[in-house]
Number of protein chains: 2
Amino acid sequence: METGGTPPHDDGERRFLDGYDPRAFAPTAVTVDVAALTIRAGTPCVLLTRRSAPPQRGWWALPGGFVRAVDGPEGPADPDLPDAALRVLSEKTALPSELHLEQLRTYGARDRDPRMRIVSVGYLLLAPGLPEPHVGRGTDAAEWVPWSELGHGDGARSGRPLAFDHARIVADAVERARSKLEYTALATAFLPPAFTITALREVYEAVWGTRLHNANFHRKILATPGFVEDTGELADRGGSGGGRRPRLYRAGGAAVLHPPLLRGAQ
Amino acid sequence: METGGTPPHDDGERRFLDGYDPRAFAPTAVTVDVAALTIRAGTPCVLLTRRSAPPQRGWWALPGGFVRAVDGPEGPADPDLPDAALRVLSEKTALPSELHLEQLRTYGARDRDPRMRIVSVGYLLLAPGLPEPHVGRGTDAAEWVPWSELGHGDGARSGRPLAFDHARIVADAVERARSKLEYTALATAFLPPAFTITALREVYEAVWGTRLHNANFHRKILATPGFVEDTGELADRGGSGGGRRPRLYRAGGAAVLHPPLLRGAQ
DNA sequence: TTGAGAAAAACTCAACTTGAGAATAACGGG
DNA sequence: CCCGTTATTCTCAAGTTGAGTTTTTCTCAA
């Protein structure tokens, strides 16, 4: 998928680059901010940290940090933006081996940070049952916070207010997750390697905030080629209450659902 | 939709900001690159310019340029990223009053530009029948180039090779346009204010590169609430050949199509 | 051992949507 | 006025969906 690197330079190019001074340029910083979403006990949550240093000390914010442009005392340069996103997140919580990371959007309004012009690349990360976070540098708290405590993208009206424009980034992350559930097999990113159809339905219900018709959901999932594969095993049921033991499935190869599973419907 | 600006600063914040030196930071530059798509005589095209200065002099590239972080000799700062995108594009071609601009993705691999670490925010712009472009600063040619000449996102294999990772940006732009046609009313962004159902179908056929069933497309468009509105007028048919005069429609209020118009189908 | 309750999975059927093609309507030009 | 052409409407079989019911396979407690 890559474009094969940069083309070879002629002599003019080399002379030009030798005389190039990056410091002559306008000061702009690039950061990454990660909206890590997971489902804990049926409640969809996002990871937030509390800032212990200015600017906006004491406000809750997404895990984030400056992209390392070059090797330096802080550590080696980030080869690409996703590397920076995983690095800043790994300072807050242990990352599982299976995770879904995708770029969300880039935020660059002139006044979004009081220090200087800062352009921030937002990332969406989905993973099953992430553990309790730990407090990292520059923060004095880290928590999984239910989406419901953050208002519904209607600005800073309700619940816990967030630093900078992070409420907007969370709203974009939630909307992206909701809409990708419709036409991709992304829901499996919230689940462990083997899961039941009911667990899959509960992901849809938690993320969309709706109830779905049990039997029709079952039929639709099994009729969609490549969404799930039967493992041939049954879940062993430790808990209370009776009930037939459900089959276990794993994520299938398909990334895109044809036809999609629409939200409007039930 | 905005988050209400930054919160008020306490005295600690103010002291911190007074002592803050932006120049102390690692040198990273931020650019915007615009993939402007339009349909010319039934052929979907993208606007390309030829670079007349290093790096990669002589290669074709998307219109782009550095985001202006602060007011300076070059001009005032760009208030936000979309402003920068429109500014760099307006140096190449006259912009119509109605256009669709959306952010695509941000590209930040360490080696994507030989000068320094450059993070580029890609934009997708759609507009109906844009005029011939003009040659701007730093370029010696500007052309509307059919997508078909650029290969199909399979790297630099076929056709005209592009500078930096611009082949990838164009491929992302084309894929975004193709998939948004499915579930939004975006197709009308390629058309003038009043258009016929046939013209709308030809947009789908040009962008998707498929043929659609005439009568079924007609039925589906009219059955989708808010996609198009009848103007009550008929197109005046000057040209050759006979045929019933088609009705003229304008874009309706709906942004999202429920249910979507799927590509897989005919 | 057995029956009640529970959860999963399969089945039923009417209503709706889609794909494919045919029919009808409205035009321009000989 | 007849013909080719394009737009628009109609028909119908096949497929999909929404809603509810039935069957299967469990646990638990009497």
Side-chain angles (χ1 to χ4, degrees), chain A residues 42 181-183 191 194-205 208 210-250 256-266, chain B residues 42 181-183 191 194-205 208 210-250 256-266:
Chain A
L181 252 51
E182 290 191 314
Y183 58 94
L191 294 171
F195 52 84
T196 65
I197 300 289
T198 297
L200 185 64
R201 179 169 46 79
E202 285 166 349
V203 168
Y204 276 89
E205 291 179 339
W208 284 352
T210 57
R211 321 256 31 233
L212 297 175
H213 186 284
N214 201 324
N216 291 342
F217 182 83
H218 209 280
R219 175 181 61 184
K220 175 86 179 180
I221 297 304
L222 296 185
T224 301
F227 196 163
V228 296
E229 285 172 8
D230 195 341
T231 63
E233 299 185 21
L234 301 182
D236 45 281
R237 155 175 301 278
S240 61
R244 185 171 173 172
R245 289 168 62 201
R247 275 170 191 277
L248 286 173
Y249 295 84
R250 61 174 149 263
V256 179
L257 304 186
H258 254 274
L261 227 163
L262 297 178
R263 250 184 289 185
Q266 292 212 21
Chain B
L181 253 52
E182 291 192 312
Y183 58 94
L191 293 171
F195 51 85
T196 64
I197 300 288
T198 297
L200 185 64
R201 179 169 48 79
E202 286 166 348
V203 169
Y204 276 89
E205 291 178 338
W208 285 352
T210 57
R211 319 257 32 234
L212 297 174
H213 187 283
N214 200 325
N216 291 343
F217 182 83
H218 209 280
R219 175 180 62 185
K220 175 85 179 182
I221 297 304
L222 295 185
T224 301
F227 196 163
V228 296
E229 285 172 7
D230 195 341
T231 63
E233 300 187 19
L234 300 182
D236 47 281
R237 158 173 299 279
S240 62
R244 185 172 173 173
R245 288 168 62 200
R247 273 169 193 277
L248 285 173
Y249 295 85
R250 61 176 148 259
V256 179
L257 305 185
H258 252 275
L261 227 163
L262 296 177
R263 249 184 289 185
Q266 291 208 25

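In what follows, chains carry the letters A, B, and so on, assigned in the order in which the sequence lines appear, proteins first and then strands, with residues in each chain numbered from 1.
- Using N1 to N3 plus N6-O4 or O6-N4 for Watson-Crick, or N1-O2 and O6-N3 for G-U wobble, each under 3.5 Å, D/dA30 pairs with C/dT1.
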Inset, instruction - Take A/Phe195 and A/Val203 through the test side-chain contact (heavy atoms from CB on, under 4.5 Å) and record every step on the way to the result. - result: CA-CA 11 Å; A/Phe195 52 84; A/Val203 168; over 6 Å; no
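- Residues satisfying the side-chain hydrogen bond (donor to acceptor under 3.5 Å, both in side chains) test with B/Arg219, not counting sequence neighbours, are B/Asn216.
- As rounded to whole Å, 13 Å separates atom C1' of C/dA8 from atom CG of A/Asp230.
- A straight line from CG of B/Asp236 to P of C/dG28 spans 11 Å, rounded to a whole angstrom.
- Residue A/Lys220 has a polar side-chain atom (N or O) positioned under 4.0 Å from OP1 or OP2 of D/dT17.
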Inset, instruction - Show your reasoning for whether side-chain contact (heavy atoms from CB on, under 4.5 Å) applies to A/Asp230 and A/Arg247. - result: CA-CA 8 Å; A/Asp230 195 341; A/Arg247 275 170 191 277; 2.7 Å; yes
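- Taking atom CD of residue A/Glu202 and atom P of nucleotide C/dA7, one finds them 11 Å apart after rounding to whole Å.
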Legend entry - Per-nucleotide protein contact string for nucleotides 6-14 of chain D, where B marks a base within reach and S marks sugar-phosphate only (heavy atoms under 4.0 Å, - for neither): BBBB-B---
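- For the atom pair OH of A/Tyr249 and CG of A/Leu222, the computed distance is 4.5 Å after rounding to the nearest 0.5 Å.
- Summarising the geometry, atom CG belonging to A/Asp236 is positioned 8.0 Å from atom CG belonging to A/Leu248; distances are rounded to the nearest 0.5 Å.
- To the nearest 0.5 angstrom, B/Leu261 atom CG is 5.0 Å from B/Tyr204 atom OH.
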